[in-house]
Amino acid sequence: MLLRLPTSVSEAQECLAEGAVPVGGATLVWATWQREGFPELAMSLRQLPQANAIGAERLGAAVLLGQIDGRVPDVLRRAAGTVGTGAVRRAATVGGNLVGSALRCLLPAALVLDARATVLESDGVRETDLAEVVAKRPLLLSLRWSAPLACAYRKLPADAGAPPPLVVASALHAGDGAADDAGAAAGYGVRVAVRDGYEVFEGAAVTGADPEETLESLRATVLGDLPAAAWTVVRSQVLDLLARER
């Protein structure tokens with residue numbers, strides 16, 4: 001297997017055109033390759049500057065989970081810190097987790113940040129939403145978002161071999177972070193994403209003076225169909241988040 005390490009977007013685009021298989025830390029594909037055979041040509045983004053950015057409003061796809069620190073919002077840092085073991089986090093990448101993993105542990109955190117994805121295709125670079133990233137699995141270059149006012153993350157404990165643990169992430173944004181039924185922003189906006197099993201659900205609501213009204217608005221989204229145990233965690237986290245901004 002020949003591994004290419006492009007240092008520019010144009011070079012990475014050429015690799016794609018040549019049929020290179022994108023890889024990150026290869027934590028999710030190595031066993032498959034050993035079983036089914038290695039590709040002739042592979043490509044890693046670990047030397048591409050755009051894919052290695054870490055900041056308050058941007059995160060590159062080639063960043064290792066173990067490198068994610070206080071430079072990013074706490075909801076992303078905590079999500080990355082709960083993935084696998086230390087050895088896994090020293091090899092697994094942001095792109096591999098979001099695009100290649102069935103669990104997508106970073107997805108709830110990215111959703112509540114209302115993150116947008118920059119992807120590379122054979123005809124160039126473009127921006128898209130996370131729904132397309134999950135559905136079509138393009139080559140992810142980076143994520144970008146607007147820094148939240150506050151955020152929170154919780155991953156419940158689970159036994160080895162048990163179903164994936166419940167994950168609840170939330171973030172409080174400025175008034176343009178969410179809109180009411182009339183499409184008008186008011187006060188602050190709260191976004192919540194929940195991983196229940198292998199499915200991820202998200203909802204948003206405009207916040208006002210009464211936290212209970214915000215919770216009722218969230219219940220009117222798909223989040224209202226969550227099991228009672230999951231909703232209990234959502235309720236507690238949202239109330240705590242709103243209290244921090246009062």
Self-check item: Donor-acceptor pair, side chain of R195 and main chain of P165, under 3.5 angstrom
Solution: yes
Quiz item: Which residues pass the side chain to side chain contact (heavy atoms under 4.5 Å, CB included) test with V125, sequence neighbours left out?
Solution: V9, T118, L120, L141
Quiz item: Is a side-chain N or O of T232 found less than 3.5 angstrom from the main chain of A228, in a donor-acceptor match?
Solution: yes
Quiz item: Which atoms form the tightest heavy-atom contact between L76 and A109, and what is the distance?
Solution: CD2-CB, 3.9 Å
Practice problem: Could you check V238 against L242 for side chain to side chain contact (heavy atoms under 4.5 Å, CB included), going step by step and ending with a plain yes or no? | Solution: CA-CA 6 Å; V238 169; L242 295 175; 3.9 Å; yes
Quiz prompt | Co-membership, hydrophobic cluster, residues L143 and I54, 4.5 Å side-chain | solution = yes
Exercise. Hey, could you give me the CG/CH2 distance between L215 and W231, rounded to the nearest 0.5 Å?
Key: 5.5 Å
Quiz item: Are the side chain of E11 and the backbone of T7 linked by a donor-acceptor contact shorter than 3.5 Å?
Solution: yes
Quiz item: Out of curiosity, M43 CE to L16 CG, how far, rounded to the nearest 0.5 Å?
Solution: 4.0 Å
Self-check item: Residues forming a salt bridge (Lys or Arg N to Asp or Glu O under 4.0 Å) with R46, sequence neighbours excluded
Solution: none
Self-check item: Heavy-atom check, side chain of E18 versus side chain of R4, under 4.5 Å
Solution: yes
Quiz item: Hey, what do you get for CG (L107) to OG (S101), rounding to the nearest 0.5 Å?
Solution: 10.0 Å
Self-check item: Flag for S170-Q237: side-chain donor and acceptor within less than 3.5 Å
Solution: yes
Quiz prompt | Closest contact, heavy atoms only, P148 versus A171 | solution = CB-CB, 4.1 Å
Practice problem: Indicate yes or no for a side-chain donor-acceptor contact from R71 to the backbone of A56 under 3.5 Å, with no hydrogens or angles considered. | Solution: no
Quiz item: Is it true that a side-chain atom of H173 and a backbone atom of A147 form a donor plus acceptor pair closer than 3.5 Å?
Solution: no
Quiz prompt | Contact summary for R244 and A152, nearest pair of heavy atoms | solution = NH2-CB, 3.5 Å
Self-check item: L45 with V23, same ILVMFWY side-chain cluster at under 4.5 Å
Solution: no
Quiz item: Of all heavy-atom pairs between C105 and V83, which one has the smallest distance, and what is that distance?
Solution: CB-CG2, 3.6 Å
Exercise. Just do the salt bridge (Lys or Arg N to Asp or Glu O under 4.0 Å) check on R126 and E132 with the steps written out, would you?
Key: CA-CA 12 Å; R126 67 182 179 89; E132 183 175 349; 2.3 Å; yes
Quiz item: Do Y153 and V168 come within less than 4.5 Å of each other through their side chains, counting heavy atoms only?
Solution: no
Exercise. Could you please spell out the steps behind the side chain to side chain contact (heavy atoms under 4.5 Å, CB included) verdict for Y198 and L103?
Key: CA-CA 6 Å; Y198 290 93; L103 290 175; 3.6 Å; yes
Practice problem: Work out which heavy atom in A209 is nearest to a heavy atom in P211; give both atom names and the distance. | Solution: O-CD, 3.3 Å
Exercise. Mind running side chain to side chain contact (heavy atoms under 4.5 Å, CB included) on L59 and W145 for me, showing each step along the way?
Key: CA-CA 9 Å; L59 185 63; W145 59 84; 3.7 Å; yes
Quiz prompt | Test item: S236 side-chain N/O and V233 main-chain N/O as donor-acceptor pair under 3.5 Å | solution = no
Exercise. Return yes when atom CD of E121 has more than 12 non-hydrogen atoms of other residues, nucleotides or ligands closer than 6.0 Å, and no otherwise.
Key: yes
Exercise. Please confirm whether the backbone N or O of R144 pairs with a side-chain atom of E57, one donor and one acceptor, at under 3.5 Å?
Key: no
Exercise. Take V194 and V167 through the side chain to side chain contact (heavy atoms under 4.5 Å, CB included) test and state the conclusion after the steps.
Key: CA-CA 6 Å; V194 177; V167 168; over 6 Å; no
Quiz item: Do L106 and L139 belong together in a cluster built from hydrophobic side chains that touch within less than 4.5 Å?
Solution: no
Quiz item: With a 4.5 Å limit on heavy-atom distance, are the side chains of P227 and D196 in contact?
Solution: yes
Self-check item: Any donor-acceptor N/O pair, N52 side chain to L48 backbone, under 3.5 Å
Solution: yes
Self-check item: The single option from T93, V72, I68 passing side-chain contact (heavy atoms from CB on, under 4.5 Å) against V63
Solution: I68
Quiz item: Rounded to the nearest 0.5 Å, how far apart are CZ of F38 and CE of M1?
Solution: 6.5 Å
Quiz item: From R154 CZ over to T82 OG1, what is the distance, rounded to the nearest 0.5 angstrom?
Solution: 13.0 Å
Exercise. Please check if V200 and V134 belong to a single hydrophobic cluster, counting links between Ile, Leu, Val, Met, Phe, Trp and Tyr side chain heavy atoms closer than 4.5 Å.
Key: yes
Quiz item: L149 and A174: which non-hydrogen atoms are nearest, and at how many Å?
Solution: CD1-N, 3.9 Å
Quiz item: Can you tell me how far the OG atom of S142 sits from the CD atom of E127, to the nearest 0.5 Å?
Solution: 8.5 Å
Quiz item: Salt-bridged, R191 to D114, with N to O below 4.0 Å?
Solution: yes
Self-check item: N/O donor-acceptor pair under 3.5 Å between Q13 side chain and S122 backbone
Solution: yes
Quiz item: Can you get from L239 to L241 by hopping between Ile, Leu, Val, Met, Phe, Trp and Tyr side chains that sit under 4.5 Å apart?
Solution: yes
